[in-house]
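Just so you know, these numbers come straight off a predicted model, no measurement behind them. Throughout, a chain's letter reflects where its sequence line sits, starting with A, and its residues are numbered from 1.
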Protein chains: 2
Amino acid sequence: MTIRLYDLTLPGDRRMSPFCWRIKFALAHKGLDFDAVPVGFTDIPKLHDGEFKTVPILETGDIIMNESWAIAEYLDRTYTDRPAIFSSAAERATVRFFDAWYGLEIMNRLFMIYVRDIHDAAREEDKAYFRASREKRLGGQTLESFTADRTAKLPEVRHALRPLRATLANQPFVGGETPNYADFIALGGFIWVRAVATLPLFEEDDPIYAYVERGLDLFDGLARRNPGNALAA
Amino acid sequence: MTIRLYDLTLPGDRRMSPFCWRIKFALAHKGLDFDAVPVGFTDIPKLHDGEFKTVPILETGDIIMNESWAIAEYLDRTYTDRPAIFSSAAERATVRFFDAWYGLEIMNRLFMIYVRDIHDAAREEDKAYFRASREKRLGGQTLESFTADRTAKLPEVRHALRPLRATLANQPFVGGETPNYADFIALGGFIWVRAVATLPLFEEDDPIYAYVERGLDLFDGLARRNPGNALAA
């Protein structure tokens with residue numbers, strides 16, 4: 001059965017959605033072939049009569065669905081002869097905590113630092129939509145004024161990453177010797193930054209930078225092939 | 001084989017060590033009987049010729065060991081016919097992340113709010129040791145001056161708990177429908193606070209307070225039988 005994934009892109013075929021990356025890693029982990037179809041921000045409402053507001057959107061056979069967490073569970077439920085994304089209900093539940101932590105403590109801060117970079121890297125036809133929707137989320141501030149002091153926000157996100165850094169002192173991945181879905185969540189966020197960043201996120205000797213490098217090598221360099229900028233300086 | 005656990009106590013038989021609670025929950029989860037032997041802070045160096053500086057210390061047959069994480073792994077390795085503490089290597093590795101988060105973001109903040117309460121609740125013969133060792137850790141400040149503005153620190157720890165709160169909006173335990181070792185870590189910290197707190201940690205409608213109540217009911221009220229103060233106001 002062909003699997004098609006609608007995958008957010010920027011000019012230069014930079015695939016940037018952190019949520020699409022989770023699913024591309026999950027599909028690769030299960031050894032499933034897929035076709036990642038590039039779409040821009042303003043293409044999403046044109047798909048399936050606007051049923052979905054966000055990517056990833058997965059199509060396979062009669063199934064059309066979105067929401068990365070639901071897709072990951074669907075893949076495990078459906079392809080039971082493939083390696084499991086979640087080895088147990090307890091692992092899946094604990095990864096849910098990781099997802100909450102990464103969203104609240106890390107993704108929110110990355111958004112505040114890189115939101116203008118995303119805008120500047122977007123397709124011309126997507127810029128007005130992106131600016132309007134994000135400036136609304138920022139309480140009406142312009143992207144430019146909101147990110148004017150963004151360099152000063154780097155220490156805070158690096159500090160917030162301490163629990164991940166401490167974990168990686170003892171094991172190469174959050175999942176242990178091999179990555180699990182928590183890693184796909186974390187790496188997805190860093191690959192999102194890498195696709196657009198004009199300000200390096202990490203100091204060069206940060207163990208999390210080495211971790212992202214390991215992540216870029218996973219599945220024969222699946223994410224390394226994606227165009228990106230320097231993540232460390 | 002008899003299992004003996006040296007278990008830190010305060011007057012009134014208040015068992016307070018968060019790390020001992022992890023192991024008492026883990027032993028109960030595996031359905032293993034154990035004898036929790038009360039010791040005060042200054043008793044620990046008198047055990048086993050001072051080999052261990054911290055509890056829990058587990059004795060069973062020829063085995064004498066400490067460090068809660070090592071004990072949990074030992075229990076799974078040894079009692080393979082009992083319910084597993086960790087269902088898989090990936091779950092165990094992901095719980096390690098939870099442990100790092102809880103230690104860095106939550107336990108450190110709880111310590112700063114409740115360190116004087118622990119001192120005041122300690123056995124008379126333990127107070128001088130406790131004060132000297134903790135004031136050293138606080139850079140020489142007295143416990144009294146360090147905690148003088150502690151009420152102002154409550155919003156910060158409640159804020160830091162957002163990822164746990166968000167997780168509990170979707171599932172009763174970090175482990176999912178039933179608790180796992182991540183819950184034993186989190187609950188251990190809250191039971192530590194409960195044993196000594198003269199300032200309630202939670203607002204009454206905080207879902208984390210309800211979670212702690214569920215935790216107190218686990219294993220026929222194992223932790224609820226431990227004397228404690230109000231955790232919510």
Please list every donor-acceptor pair closer than 3.5 Å that links chain A with chain B, giving the two atom names and the distance for each.
| unit_1 | atom_1 | unit_2 | atom_2 | d |
| --- | --- | --- | --- | --- |
| A:Ser87 | OG | B:Ser88 | OG | 2.7 |
| A:Ser88 | OG | B:Ser87 | OG | 2.7 |
| A:Ala93 | O | B:Gln171 | NE2 | 3.2 |
| A:Thr94 | OG1 | B:Asn180 | ND2 | 2.9 |
| A:Glu105 | OE1 | B:Arg162 | NH2 | 3.4 |
| A:Glu105 | OE2 | B:Arg162 | NH2 | 3.0 |
| A:Arg162 | NH2 | B:Glu105 | OE1 | 3.4 |
| A:Arg162 | NH2 | B:Glu105 | OE2 | 3.0 |
| A:Gln171 | NE2 | B:Ala93 | O | 3.2 |
| A:Asn180 | ND2 | B:Thr94 | OG1 | 2.9 |

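When each of A:Gly176, A:Ala90, A:Ala100 is checked for heavy-atom pairs under 4.5 Å with chain B, A:Ala90 comes out on top.
Nearest heavy atom pair, residue B:Leu104 against residue A:Ala166, reads CD1-CB, 4.2 Å.
Ring pair A:Phe97/B:Phe97 is tilted by interplanar angle, where 30° to 60° counts as tilted.
In terms of the ring-ring contact (aromatic ring centres under 6.0 Å, His included) criterion, B:Phe19 has no residue partners (sequence neighbours excluded). B:Phe52 is linked by a ring-ring contact (aromatic ring centres under 6.0 Å, His included) to nothing, counting only residues two or more places apart in sequence or in another chain.
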